[in-house]
Amino acid sequence: QVQLVESGGGLVQAGGSLRLSCVASSRTFSGSAMGWFRQAPGKEREFVAGISWSSSRTSYEESLKGRFTISRDNAKNTVYLQMNSLKPEDTAVYYCAAGAMSSESRFYTFWGQGTQVTVSA
């Protein structure tokens, strides 16, 4: 059964940090690139970060570089998103996805249910 489960979201003050985790089933995770996307109320889903299977390649939405870091632990079938210096505009539901390395959501086949991140001013 394909499964991606995100965790680590919550309420944080501006300037704070959160680390999101996404655990995937072995079948989903093995060989897949992983990505994080987010969707704020009233806005389209947008790319946050992506990482290749071997972790040799990472990519970020340009405006998030330096604050967000994506990583993965293949032994644990887990991908992480470390978010620092959070801003109220980072408030969104964050989704992890498995598929091909891309900033476009259409290249990701499997999606989690999302975890809410709320940043207060």
Side-chain angles (χ1 to χ4, degrees):
Q1 183 177 355
V2 173
Q3 189 173 27
L4 295 170
V5 180
E6 302 98 335
S7 63
L11 174 64
V12 63
Q13 288 187 333
S17 298
L18 283 175
R19 188 176 81 153
L20 305 183
S21 300
C22 173
V23 180
S25 60
S26 297
R27 190 173 185 179
T28 302
F29 201 77
S30 181
S32 295
M34 299 296 294
W36 285 97
F37 290 76
R38 68 184 184 183
Q39 188 166 19
K43 295 186 178 181
E44 293 186 353
R45 189 171 298 187
E46 65 174 358
F47 174 73
V48 173
I51 187 167
S52 63
W53 161 248
S54 66
S55 300
S56 61
R57 289 185 296 150
T58 58
S59 64
Y60 296 89
E61 198 282 324
E62 192 66 28
S63 67
L64 300 177
K65 285 183 178 179
R67 292 197 299 124
F68 288 17
T69 303
I70 190 171
S71 62
R72 66 190 293 165
D73 184 339
N74 289 347
K76 296 181 179 180
N77 293 341
T78 303
V79 62
Y80 304 97
L81 184 68
Q82 178 67 42
M83 306 185 293
N84 298 327
S85 302
L86 283 163
K87 304 174 181 180
E89 51 264 43
D90 294 318
T91 295
V93 177
Y94 284 71
Y95 300 89
C96 72
M101 185 77 174
S102 175
S103 62
E104 297 182 43
S105 61
R106 62 190 175 99
F107 289 103
Y108 291 85
T109 306
F110 305 109
W111 292 81
Q113 293 300 306
T115 186
Q116 175 71 46
V117 171
T118 303
V119 184
S120 63

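- The aromatic rings of F37 and F47 stand perpendicular to each other, their planes meeting at an angle above 60°, with 30° marking the opposite boundary.
- Heavy-atom contacts from other residues, nucleotides or ligands closer than 6.0 Å to CD of E89 number more than 12.
- No path of Ile, Leu, Val, Met, Phe, Trp and Tyr side chains, each step under 4.5 Å between heavy atoms, connects V23 with I70, placing them in separate hydrophobic clusters.
- Counted by atom type alone, N77 and S26 present one or more donor-acceptor pairs between their side chains at under 3.5 Å.
- The neighbour count for Q113 CD, taken as heavy atoms of other residues, nucleotides or ligands under 6.0 Å away, does not exceed 12.
- Considering only heavy atoms from C-beta on, D90 comes within 4.5 Å of L64 through its side chain.
- Residue F29 comes nearest to A24 through the heavy atom pair CD1-CB, 3.7 Å, listed as atom of the first residue, atom of the second, then distance.
- Shown here for S17 and S85, the closest heavy-atom pair between the two residues is OG-N, 4.3 Å.
- Looking at T91 and Q116, their side chains come closer than 4.5 Å, going by heavy atoms from C-beta outward.
- When all heavy atoms of N74 and R72 are compared, the pair lying nearest together is OD1-NE, 2.7 Å.
- Counting heavy atoms from C-beta on, the side chains of Y60 and T69 come closer than 4.5 Å.
- Minimum interatomic distance between A33 and A100 (heavy atoms only, all atoms of both residues): CB-C, 3.8 Å.
- Taking the centre and axis of the six-membered ring of Y80, the NZ or CZ atom of R19 falls inside the cone set by 45° and 6.0 Å.
- At a threshold of 4.5 Å between non-hydrogen side-chain atoms, the residues L86 and F68 count as touching.
- For the pair S56 (side chain) and S54 (backbone), a donor-acceptor distance under 3.5 Å is absent.
- For the pair L81/V79, no side-chain contact is recorded, criterion being any heavy-atom separation below 4.5 Å from C-beta on.
- Atoms CD and OG, from Q82 and S21 in turn, are 9.5 Å apart once rounded to the nearest 0.5 Å.
- Counting heavy atoms from C-beta on, the side chains of M101 and W53 never come closer than 4.5 Å.
- Minimum heavy-atom separation, A121 to A14: CA-CB, 4.4 Å.
- Looking only at side-chain heavy atoms (C-beta outward), L20 and M83 come within less than 4.5 Å of each other.
- Annotation: the span from E6 atom CD to C22 atom SG amounts to 5.0 Å, rounded to 0.5 Å.
- Residue S25 holds its OG atom at 6.5 Å from CG of L4, rounded to the nearest 0.5 Å.
- Note that CD of E44 and OG of S105 are 9.0 Å apart. Values are rounded to the nearest 0.5 Å.
- Residue pairs meeting the side chain to side chain donor-acceptor pair (under 3.5 Å) criterion with at least one partner in residues 93-104, sequence neighbours excluded, are R38-Y94, E104-R106.
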